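Notes to accompany the following structure.
Just so you know, these numbers come straight off a predicted model, no measurement behind them.
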Amino acid sequence: MSANRPAAVVVLAAGEGTRMKSATPKVLHAICGRSLVGHVVAASRELDPEHLVVIVGHAREQVAGHLAEIDPGVRTAVQHEQNGTGHAVRMGLEELSNNGITLDGTVVVVCGDTPLLTGETLQRLSTTHAADGNAVTVLTAEVPDSTGYGRIVRDEATGAVTAIVEHKDATDAQRAIREINSGVFAFDAQLLTDALGKVRTDNSQGEEYLTDVLGILREAGHRVGAAVAGDHREILGINNRVQLAEARKLLNERLLHAAMMSGVTVVDPATTWVDVTVTFEADALVQPGTQLVGATHVATGAEVGPNTRLTDTSVGAGARVDNTVADSAVIGENATVGPYAYLRPGTRLGAKSKAGAYVEMKNAEIGEGTKVPHLSYVGDATIGEYTNIGAASVFVNYDGVNKHHTTIGSHCRTGSDNMFVAPVTIGDGAYTAAGSVITKDVPPGSLAVARGQQRNIEGWVARKRPGSAAAQAASAARQATDGEQ
């Protein structure tokens, strides 16, 4: 347990976010595989707080339900009316108090729409707060454009923080200040509770500003300090779709940078997108135009892309995945997939197996060394080792009501243009003839032929299509043959 472990972290996530122009609550919009509030909760968990409280308001049932899914240990407190950040924090502290929890130590307050904030920065804030013995420590940042942010006003002589002035309440001189309030604070729990009861609403919005707590504590003789974020982009809040896209790009760059520094080759970071939950091993190679989503894992020596989207998919060492869409699939070591393959949930490719061009698979177990090279659909099937499935094969798994299973053994050779009408079993070492519709089990080592016998009707084109190009070509061929005789 960290010596700077906070008593609580309070996440402010009650706002509607009207500028998003969305039916989805702002904090539930997602980037890189997590909701905005999910990113903040994950960063807050790195502090290992005794209590983690998220303040909900707009669409509170939806937001609370999402939080219960991603982190069941999170408490929620309801802010029925959005009366300001100070009021929101007060609702969080009252939620804890009503449950018999008395806070002793540090309370960290963060905003639910700052997905780039890192646990490392929060830890630095908490450490600074404890080391300096502050009543409150504000996380600040110097930004190129401070429009819309609360300005940090300091004492010119000592550099101490004297106030935070909201943009709409700031003078022209204060609006020129580039050091801004991140909305992230560390407070002494007892002093915070006392000061919140003294916050006034005589401002342009008639709200309880959390930032007023700093002035209240300072006037009472308590120390107010600041910790400056190393990268001002970490504190960026999301208010519209443009900022959402900018944050997604920044977070993606951060994730790819970490991957490359750990030994992954990313050929074109500008066209490669990954989720925070994606993992790599050293010497993985990611080609341009690739999207890696969810719990996808790419092992050492594997090559993924170009133009590939993998969701919750495991790629084994040395595997090659080209121009492919895969969802909840397992691709074995040294397997090859694509180009233009589609692996649906439940697909498991064994080592050195192949799902080739224009192959679709679903709920299929493919053995080691088995190949499905071209233009085929394999659904609800088990195929053994070192079997070859001919081109244009279809596993006919659906009878209109139920799905049925096909089993093909090891070392089989199935012909092109086969239909396997499930449920059906092909034994080890069996062959099937091209063009066959297999409706019965095939014993091991047998050849199954299931097709009508060919019948040639001589002169049909001349009689039925006289004067056509086909008829003329046939006539010329006959004359050439007659001439040779």
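- Shortest non-hydrogen contact noted between Ala226 and Arg154 is CB-NH2, 3.7 Å.
- With 3.5 Å as the limit, one finds no donor-acceptor pair spanning the side chains of His29 and Thr24.
- The backbone N or O of Leu122 lies less than 3.5 Å from no partner atom in the side chain of Ser126, so there is not a single donor-acceptor pair.
- The two residues Val138 and Leu125 come nearest to each other via the heavy atoms C-CD1, 4.2 Å.
- Rounding to the nearest 0.5 Å places CG of Leu28 at 10.5 Å from CE of Met20.
- Looking only at side-chain heavy atoms (C-beta outward), Ser146 and Ile177 stay at 4.5 Å or farther from each other.
- The side chain to side chain donor-acceptor pair (under 3.5 Å) analysis of residues 337-349, with sequence neighbours excluded, yields the pairs Arg344-Glu360.
- Two residues are said to be in side-chain contact when any heavy atoms from C-beta on lie closer than 4.5 Å; Asp380 and Thr406 fail this criterion.
- Other residues, nucleotides and ligands contribute only 12 or fewer heavy atoms inside 6.0 Å of the CZ atom of Arg19.
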Derivation of the side-chain contact (heavy atoms from CB on, under 4.5 Å) call for Tyr209 and Asp169 = CA-CA 12 Å; Tyr209 290 157; Asp169 298 322; 3.4 Å; yes
Donor-acceptor contacts under 3.5 Å from residues 49-62 side chains, at least two apart:
none

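- In this structure, Lys26 and Glu16 have side chains that are not in contact, with every pair of non-hydrogen atoms separated by 4.5 Å or more.
- For the atom pair Arg178 CZ and Arg151 CZ, the distance stands at 11.5 Å (nearest 0.5 Å).
- Of the possible polar contacts, one joining the Thr162 side chain to the Val153 backbone as a donor-acceptor pair under 3.5 Å is found.
- The only option from Asn334, Thr336, Ile331 that meets the side-chain contact (heavy atoms from CB on, under 4.5 Å) definition with Arg320 turns out to be Thr336.
- Of all the heavy atoms in Met361 and Ala355, the pair that sits closest is CE-CB, 3.8 Å.
- For Thr296 (side chain) and Leu310 (main-chain N/O), a donor-acceptor pair under 3.5 Å exists by modelled atom type.
- Looking only at side-chain heavy atoms (C-beta outward), Cys32 and Val278 stay at 4.5 Å or farther from each other.
- The backbone N or O of Gln287 lies less than 3.5 Å from a partner atom in the side chain of Thr290, making a donor-acceptor pair.
- We find the OG-CD distance between Ser182 and Glu234 to be 10.0 Å, quoted to the nearest 0.5 Å.
- In terms of modelled atom types and a separation under 3.5 Å, the side chain of Ser35 and the main chain of Gly38 share a donor-acceptor contact.
- The structure places OH of Tyr386 at 8.5 Å from OG1 of Thr370, a figure rounded to the nearest 0.5 Å.
- Checked by atom type and distance alone, the side chain of Ser376 pairs as donor or acceptor with a backbone atom of His374 at under 3.5 Å.
- In this structure a side-chain-to-backbone donor-acceptor pair under 3.5 Å is present from Thr313 to Thr311.
- Counting only heavy atoms from C-beta outward, the side chains of Ile235 and Leu139 approach each other to under 4.5 Å.
- Side-chain atoms of Ser353 never come within 3.5 Å of backbone atoms of Ala335 as a donor-acceptor pair (strictly under, hydrogens ignored).
- Counting heavy atoms of neighbouring residues, nucleotides and ligands inside a 6.0 Å radius, atom NZ of Lys249 does not exceed 12 of them.
- In this structure a side-chain-to-backbone donor-acceptor pair under 3.5 Å is present from Asn252 to Thr272.
- When all heavy atoms of Ala284 and Ala299 are compared, the pair lying nearest together is CB-O, 3.7 Å.
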Walk me through it: do Ile70 and Leu67 pass the test side-chain contact (heavy atoms from CB on, under 4.5 Å)?
-> CA-CA 5 Å; Ile70 65 171; Leu67 290 167; 4.2 Å; yes
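- A distance of 10.5 Å separates CG in Asp145 from NE2 in His232, rounded to the nearest 0.5 Å.
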Quick one: do Leu192 and Leu210 satisfy side-chain contact (heavy atoms from CB on, under 4.5 Å)? Show the steps, please.
-> CA-CA 10 Å; Leu192 171 64; Leu210 180 63; 4.2 Å; yes
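- No side-chain heavy atom of Arg90 sits less than 4.5 Å from a side-chain heavy atom of Asn83.
- Counting non-hydrogen atoms of other residues, nucleotides and ligands closer than 6.0 Å to NE2 of His257 gives a total of 12 or fewer.
- The nearest pair of heavy atoms linking Met91 to Ala77 is O-CB, 3.7 Å.
- Taking the side chain as every heavy atom from C-beta outward, Arg45 and Asp71 approach each other to under 4.5 Å.
- Of the possible donor and acceptor atoms, one in the side chain of Thr308 sits under 3.5 Å from a partner among the backbone N and O of Pro306.
- For the side-chain contact (heavy atoms from CB on, under 4.5 Å) with Phe280, the qualifying choice from Val274, Leu285, Val304, Thr300 is Val274, the only one to do so.
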side-chain contact (heavy atoms from CB on, under 4.5 Å) assessment of Val161 paired with Val136 = CA-CA 10 Å; Val161 176; Val136 54; over 6 Å; no
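- Within 6.0 Å of the NZ atom in Lys198, the count of heavy atoms belonging to other residues, nucleotides or ligands does not exceed 12.
- Here the CG atom belonging to Asn363 is positioned 7.0 Å from the NE2 atom belonging to His405, to the nearest 0.5 angstrom.
- The environment of Glu120 atom CD is sparse: at most 12 non-hydrogen atoms of other residues, nucleotides or ligands sit within 6.0 angstrom.
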Report the C-alpha distance between Thr279 and His297 in whole Å, list the side-chain angles of each, state the deciding distance to 0.1 Å, and finish with yes or no for side-chain hydrogen bond (donor to acceptor under 3.5 Å, both in side chains).
-> CA-CA 5 Å; Thr279 55; His297 176 75; 2.7 Å; yes
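- Here the closest heavy-atom approach between residue Tyr149 and residue Leu236 is recorded as OH-CD2, 3.9 Å.
- Residues Asn99 and Arg75 are in side-chain contact: their nearest non-hydrogen atoms beyond the backbone lie under 4.5 Å apart.
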